[in-house]
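Heads up, the thing below is written out as structure tokens.
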Amino acid sequence: VIAQPAAPRWLLHPRHDPALGRDVARGLSAPEAIGNVLVHRGLRDLASARSFLEPTLADLHDPRSMRDLDRAATRLRAAGANGERVLVQGDYDVDGVTSAYLMASVLARLGARVHVRIPHRTRDGYGLTDAAVDEARRRACTLIVTVDCGVTAVGPIAKATALGIDAVVTDHHALGASLPDAAAVVNPHRTDCGYPFKSLAGVGVAFKLAQVLLDEGDDPFDFLDVVALGTIADVVPLVGENRVLARFGLERLSRTRRPGLRALMEATGLWGRPVTGGQVAFVLAPRLNAAGRMSSGEQALRLLMAREPDEARAVAESLEDDNDRRREHDERAALDAVARAERELRWPDCASIVLWSEEWHPGVLGIVAARMVERYHRPAVLIALDGDRGRGSGRSVAGVDLRALLEDCGDLLDTFGGHAFAAGLTVSRTRLPELRERFERLVAERVSPESRLPALTHDGTLALAACDLALCDWLERLAPHGLGNPEPVFVTSQARVDGTTVVGDGKHVRLRVSDSGGSAEAIGFGMGGEAATLPAGSPVQLAFHPMRHTWRDETRVQLRLRGIRRT
Ligand SMILES: [Mn+2]
């Protein structure tokens with residue numbers, strides 16, 4: 001029997017400052033709730049609040065302030081002018097594929113002859129490898145451009161240089177001990193890089209280069225749809241420049257002229273309306289990732305490159321098939337991992353989750369690890385074994401730097417790489433018990449037991465009467481949401497259930513609720529199970545996000561439930 005995860009504590013946002021929230025709201029002539037949300041998102045004065053609400057493309061930083069960007073641009077222009085053969089090395093996830101597509105398109109426009117290399121998840125290693133350099137030589141390339149990878153490829157780039165092949169690195173990953181000796185290394189994390197915004201995705205870095213390479217005739221902003229895809233899919237914070245790229249990119253995505261993206265949006269029912277960040281994260285990105293998870297990311301690249309609607313539809317369909325297969329593997333591995341976490345680990349006393357299996361598909365480990373973190377609020381590393389070799393993927397919780405943890409386990413691992421929240425590794429089977437023990441000890445040392453309790457951070461109490469369409473308009477201006485800018489969540493004061501309807505085969509619940517000043521309709525997706533315990537008259541407190549809901553030409557406010565508490 002699998003235990004239900006613990007109900008989260010509800011915590012008022014730690015930056016809550018009602019006096020300041022009121023000031024910001026008054027300055028904007030906005031509802032107080034909006035002022036509070038802005039303060040919680042770190043926007044404590046009117047000027048920054050205004051530019052957050054109304055980002056413009058003029059907010060983008062000068063690309064030339066990025067270290068080595070001019071050198072990279074000069075080398076790429078020469079490649080175009082000379083009609084050089086160029087190998088673009090990407091990665092198999094959405095960020096890596098969109099970056100490669102963007103860079104290849106720009107190089108082709110400049111006049112270069114481009115070959116794109118998207119690695120195979122299990123057959124090829126990560127990033128630029130010696131084999132990739134060999135391929136560049138076989139294809140008579142005189143330049144290698146890396147996107148979303150390359151900053152740690154010291155050996156392969158030295159090899160390229162020895163073969164007379166130049167390299168230009170564009171990347172956003174953490175730096176290694178030394179930089180590769182390349183013609184240019186563009187990465188905002190370089191300690192000598194003065195670029196003011198450090199959290200770009202790989203496709204964001206590639207875009208900065210495109211900004212200086214494309215003149216006004218070839219508007220670089222044409223590519224914002226793919227930039228938004230890669231940025232949102234890579235789960236970088238959607239603040240600052242990323243917010244600008246995502247906001248304008250989503251607008252362009254909604255009316256994209258790329259046949260492949262259009263076909264994918266038609267196939268998933270998203271075409272014809274404004275696309276949200278959530279739809280990119282939960283509908284489009286999983287499909288673009290599915291090919292890379294199940295086999296090779298080449299299909300996602302083909303989708304972006306498709307010129308004809310027929311081809312576009314065929315590729316979109318194959319991505320849908322890959323996504324179905326991905327889902328099967330994903331669900332099977334998740335069930336197994338949950339059962340084993342509660343059987344094999346000293347649950348609930350363990351501080352971390354490290355599990356391995358020969359049955360898991362290596363392509364779904366990251367997704368399943370993310371589910372484990374969501375369920376258990378502990379860093380999780382899942383490893384798929386193939387013979388003596390293990391390939392793992394990990395996810396972490398706020399405040400626990402996964403990459404730092406892996407560094408401290410570095411002597412037990414063959415390879416590792418990644419960020420604070422997500423990382424990958426390879427390890428041999430014999431090391432696994434020791435890895436589990438060391439990882440557990442390190443996490444236990446660094447994490448307080450309270451942080452393991454699930455928490456729902458909310459933006460304050462809101463009366464039901466205040467949940468009107470005007471508030472929804474304001475809330476919409478806070479989108480797109482993601483890391484660094486979560487969707488606002490409010491809580492009711494004491495409320496009462498007036499009526500309960502279970503919908504969607506018992507999966508969801510629709511409630512009529514009222515408090516002392518008003519009433520509202522609420523919908524709880526996936527909360528059908530809780531409905532039976534909520535007869536009319538039940539005293540409750542709700543956590544929710546108010547949304548505009550249109551049905552049969554009638555628009556009204558609907559509260560999207562995030563939690564129900566019986567009081
Ligand atoms: Mn990336």
Side-chain angles (χ1 to χ4, degrees), residues 1-11 278-279 281-283 286 324 327-343 345 347-348 353 364 367-378 380 395 397 452-458 461-462 464 467 481 486-515 519-547 549 551 556-567:
V1 174
I2 292 167
Q4 276 300 307
R9 295 166 299 156
W10 293 4
L11 302 178
Q279 287 166 338
F282 298 113
V283 180
D324 290 342
R327 202 179 283 138
E328 281 168 30
H329 283 288
D330 170 354
E331 282 166 8
R332 207 180 310 145
L335 277 176
D336 185 35
V338 164
R340 289 184 41 206
E342 290 168 16
R343 205 169 58 224
L345 306 176
W347 180 260
I353 291 165
V364 301
I367 309 178
V368 179
R371 286 173 198 263
M372 300 294 279
V373 172
E374 201 178 303
R375 185 178 176 95
Y376 296 119
H377 307 273
R378 287 149 168 78
R395 295 291 183 273
V397 295
R452 286 184 220 149
L453 298 172
L456 175 75
T457 301
H458 64 81
T461 307
L462 194 59
L464 293 180
C467 298
H481 299 293
E487 192 170 69
V489 177
F490 301 102
V491 297
T492 61
S493 45
Q494 186 59 55
R496 197 185 67 230
V497 174
D498 296 327
T500 306
T501 321
V502 178
V503 291
D505 282 337
K507 283 207 279 288
H508 319 305
V509 61
R510 191 181 293 142
L511 300 177
R512 289 289 322 165
V513 289
S514 54
D515 63 9
S519 65
E521 184 195 298
I523 180 113
F525 291 108
M527 294 180 164
E530 294 175 54
T533 65
L534 290 173
S538 303
V540 289
Q541 215 188 347
L542 306 176
F544 64 93
H545 173 82
M547 275 184 79
H549 177 69
W551 199 64
R556 48 187 185 184
V557 179
Q558 191 177 56
L559 312 184
R560 294 281 170 93
L561 293 178
R562 297 286 303 274
I564 303 174
R565 205 149 74 173
R566 288 156 59 83
T567 52

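Fair warning: this is a prediction, and the values are worked out from it, not measured in the lab.
A donor-acceptor pair under 3.5 Å is formed between the side chain of His545 and the backbone N or O of Pro488. At least one donor-acceptor pair under 3.5 Å links the side chain of His508 to the backbone N or O of Gly526.
The minimum heavy-atom distance between Trp347 and Ala341, with the atom names listed, is CB-O, 3.6 Å. Closest approach of Arg496 to Gly537, counting heavy atoms only: CG-O, 3.6 Å. The minimum heavy-atom distance between Val373 and Val397, with the atom names listed, is CG1-CG1, 3.6 Å. Closest non-hydrogen pair, Gly563 versus Met527, comes out as N-CE, 3.6 Å. A pairwise comparison of heavy atoms in Val557 and Pro546 identifies CG1-CB, 4.2 Å as the closest pair. For the pair Ala334 and Val368, the tightest heavy-atom approach, listed with the atom from each and the gap, is CA-CG1, 3.7 Å.
Put simply, OG1 on Thr501 and CG on Leu511 are 8.0 Å apart, with the number rounded to the nearest 0.5 Å. Interatomic distance, Leu559 CG to Leu464 CG, rounded to the nearest 0.5 Å: 6.5 Å. Note: Arg395 CZ to Ile367 CD1 = 8.5 Å, rounded to the nearest 0.5 Å. Rounding to the nearest 0.5 Å places CZ of Arg378 at 10.5 Å from CE of Met372. If you take CG on Asp515 and CG on Leu542, they are separated by 9.5 Å, rounding to the nearest 0.5 Å. We find the CH2-CZ distance between Trp10 and Arg562 to be 10.5 Å, quoted to the nearest 0.5 Å.
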Audit row: Gln494, Gln541, side chain to side chain contact (heavy atoms under 4.5 Å, CB included) steps and yes/no: CA-CA 6 Å; Gln494 186 59 55; Gln541 215 188 347; over 6 Å; no
Please evaluate residues Leu534 and Val509 with respect to the criterion side chain to side chain contact (heavy atoms under 4.5 Å, CB included), reporting the C-alpha separation (whole Å), side-chain torsions for both, the decisive distance (0.1 Å), and the verdict. CA-CA 10 Å; Leu534 290 173; Val509 61; 5.7 Å; no
Chi angles and distances behind the side chain to side chain contact (heavy atoms under 4.5 Å, CB included) call for Arg560, Gln558: CA-CA 6 Å; Arg560 294 281 170 93; Gln558 191 177 56; 3.7 Å; yes
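Remark: of the listed residues Ser538, Pro539, Pro535, Ser514, Ser538 is the sole one forming a side-chain contact (heavy atoms from CB on, under 4.5 Å) with Val497.
A salt bridge does not link Arg327 with Asp330: none of the charged nitrogens is closer than 4.0 Å to a carboxylate oxygen.
Note: Phe490 and Phe544 have tilted aromatic rings, judged against thresholds of 30 and 60 degrees for the angle between ring planes.
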